[in-house]
Amino acid sequence: MPYASIADLRHNVGQTVAVRGWAMTTRSSGKIAFLVLRDGTGYLQAVFPKNEVVDGAWDRFATVTHEANVLVTGRVREDARAPGGYELTASDVTVVAPSVDYPITPKEHGTAFLFEHRHLWLRSRRQVAIAKVRNEVEHAIADFFYDRGFVRVDTPILTGSIGEEAGELFATEYFDLGSAYLAQTGQLYVEAAAAALGKVYCFGPTFRAEKSKTRRHLTEFWMCEPEVAFADSEDNMRLQEDFVSNLVARVLDRRKEELTELERDTAPLERVTAPFARISYTDAIAALQAQGSDIQWGTDLGADDETALAKAYDKPLFVMNYPKQVKAFYMKENPDDPRTVLNNDCLAPEGYGEIIGGSQREDDYDRLLARINAQGLDPATYKWYLDLRKYGGFVHSGFGLGLERTVAWICGIPHIREAIAFPRQIHRLYP
RNA sequence: UCCCGAGUAGCUCAGUCGGUAGAGCAGCUGACUGUUAAUCAGCGGGUCGGGGGUUCGAGUCCCUCCUCGGGAGCCA
């Protein structure tokens, strides 16, 4: 008898097949019983009429517990009553491996309990749906860049003290070379690669040791960082809006079922098309002041400020050209207003906040060195980075997209820790 | 680091004025031939986060410590 995957059962209508999976729920009504199982490809209800199953099967059904590994045999049948359209009229069931006292029950759990059992919680319908959306976004990222001639460059996770700021890095001992730090960005490396390959991106885990306790932060998260030679800040934002709208469209096209499972209202996602809305930092300050805020030009925007700004638009918003002093040393000075730099944040709608930070990079050796010194960084550490300006300096721009923030937004889930299989937070290293 | 909030049954929570510890769900037993978190009946289940104090008596009041959650800052 052939084994069948649940997702493929539409090709097996009328046939008798064996399905392997985990028991999610069982129900019995005396002379008819129901078993819903999951095999990773989908969900299936197997129906056991007492007087049609083989000898012993009825008693074996009674031993099927929540999340037991089971083997079910039966005939595939179309059924309008089934959520997926297909059911199995089962003739037999075997418990391959039992599951006793499964901790996650069908009702009411708090988030602390669920994350303590994250390794099991991953099996639930919502978590399966989120994982599939994340997978879709990851593949869409790879396809988007491959189709446009970008080369993926994998940047190091172990680095010297380099990144946007010193401090707030995870440190470890590195042989005889002193401390190594877990990368908090691949950007500087990808800038070097851009001079070799033109259009590049990196996509991997990054680490921030800030003691953040918010629904938007993880200590370990995945970031996608494209870097493009000869692209200025305007080119950079056009790439961002193409990129983000492409990711959203891909999920809408291919993950309808998962979005339905997550009860995601897709109308706001369907409005995510280029061009996005744009506002300069200076205009944003004026707009906030007009709304009664006492924010002053020169201070960074807080989370509340971003929410207030983004609320005025029903698609993602670029906030551009922040004051130099609140931004990283590598961002290029704005020739039209030297108080500011050529950067942008991209704020997702519906209150999801910043999903992208991007900028044109400082390509002038002397200006970059001056910024490194001004921020109290050690120029020796950045020698190789300065070399990129010494040997054929070039206009270039790039950005970083936070994967978990993007997935959380697309899924419509309230906290980004559900957007990654095993979240790392200041109070969570288990499982 | 700062500001809130919460720790009581396996889970989610209630517990009034300080007076013998409660419910729902889960689990177990039974009934039921189309259930979707099935329904109905019955049964078992407690170091009230730890320590100290006040009191005849503390889940409840006071002190202290611990753990966790939410938010701020930082940023993706």
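A note on names: the letters A, B, ... follow the listed sequences, proteins ahead of strands, and every chain is numbered from 1.
Judged purely by distance below 3.5 Å, without hydrogens or angles, the side chains of A:Tyr330 and A:Gln187 pair a donor atom with an acceptor atom.
Base pairing annotation: B:C40 forms a Watson-Crick or G-U wobble pair with B:G30, both donor-acceptor distances under 3.5 Å. With both pairing distances under 3.5 Å, B:A58 is matched to nothing as a Watson-Crick or G-U wobble pair. Pair assignment for B:G7: B:C66, on the basis of Watson-Crick or G-U wobble contacts that are both within less than 3.5 Å. Applying the Watson-Crick and G-U wobble criteria (two distances, each under 3.5 Å), B:C2 pairs with B:G71.
Each of B:A76, B:C11, B:G34 was ranked by its minimum atom distance to the side chain of A:His109; first place goes to B:C11. Comparing B:G34, B:C75, B:G71 by their closest approach to the side chain of A:Glu354 singles out B:C75.
Following rounding to the nearest Å, A:Asp305 (CG) and B:C74 (P) show an atom-to-atom distance of 10 Å. Regarding A:Asp79, its CG atom lies at a distance of 12 Å from the C1' atom of B:U35, rounded to whole Å. Whole-Å rounding puts the A:Arg27 CZ to B:G27 C1' distance at 18 Å. Protein atom NZ of A:Lys327 is 8 Å distant from nucleotide atom C1' of B:C75, rounded to whole Å. Atom CD1 in A:Ile104 sits roughly 11 Å away from atom P in B:U12 (whole-Å rounding). Taking atom CD1 of A:Ile32 as the reference point, atom P of B:A31 lies 17 Å away to the nearest angstrom. The distance from atom CG of A:Leu37 to atom P of B:U36 is 18 Å, rounded to the nearest whole Å.
You'll find a donor-acceptor pair under 3.5 Å spanning the side chain of A:His217 and the base of B:C75, going by distance alone. One N or O donor and one acceptor, one from the side chain of A:Ser212 and one from the base of B:C74, sit under 3.5 Å apart. A donor N or O paired with an acceptor N or O is not found under 3.5 Å between the base of B:G73 and the side-chain atoms of A:Glu168.
Taking the 5.5 Å centre cut-off and the 30° plane limit, the aromatic side chain of A:Phe34 is not classed as stacked on B:G34.
Between the CE atom in A:Met331 and the OG1 atom in A:Thr340 there is a gap of 12.0 Å [rounded to 0.5 Å].
The side chain of A:Arg405 places no N or O atom within less than 4.0 Å of a non-bridging phosphate oxygen (OP1 or OP2) of B:A76. Phosphate proximity of B:G70 to A:His415: present, with a side-chain N or O under 4.0 Å from OP1 or OP2. OP1 or OP2 of B:A72 sits under 4.0 Å from a side-chain N or O of A:Arg216. A close approach under 4.0 Å does occur between a side-chain nitrogen or oxygen of A:Arg417 and OP1 or OP2 of B:G70.
With respect to A:Arg278 and A:Glu234, a salt bridge is recorded, a charged nitrogen being found less than 4.0 Å from a carboxylate O. Ionic pairing of A:Glu257 and A:Lys132 is not present here: no N-O contact between side-chain nitrogen and carboxylate oxygen is shorter than 4.0 angstrom.
Under the 6.0 Å distance and 45° angle rule, A:Arg428 does not count as a cation-pi partner of A:Phe115.
The P atoms of B:A41 and B:U64 are separated by 49 Å, rounded to the nearest whole Å.
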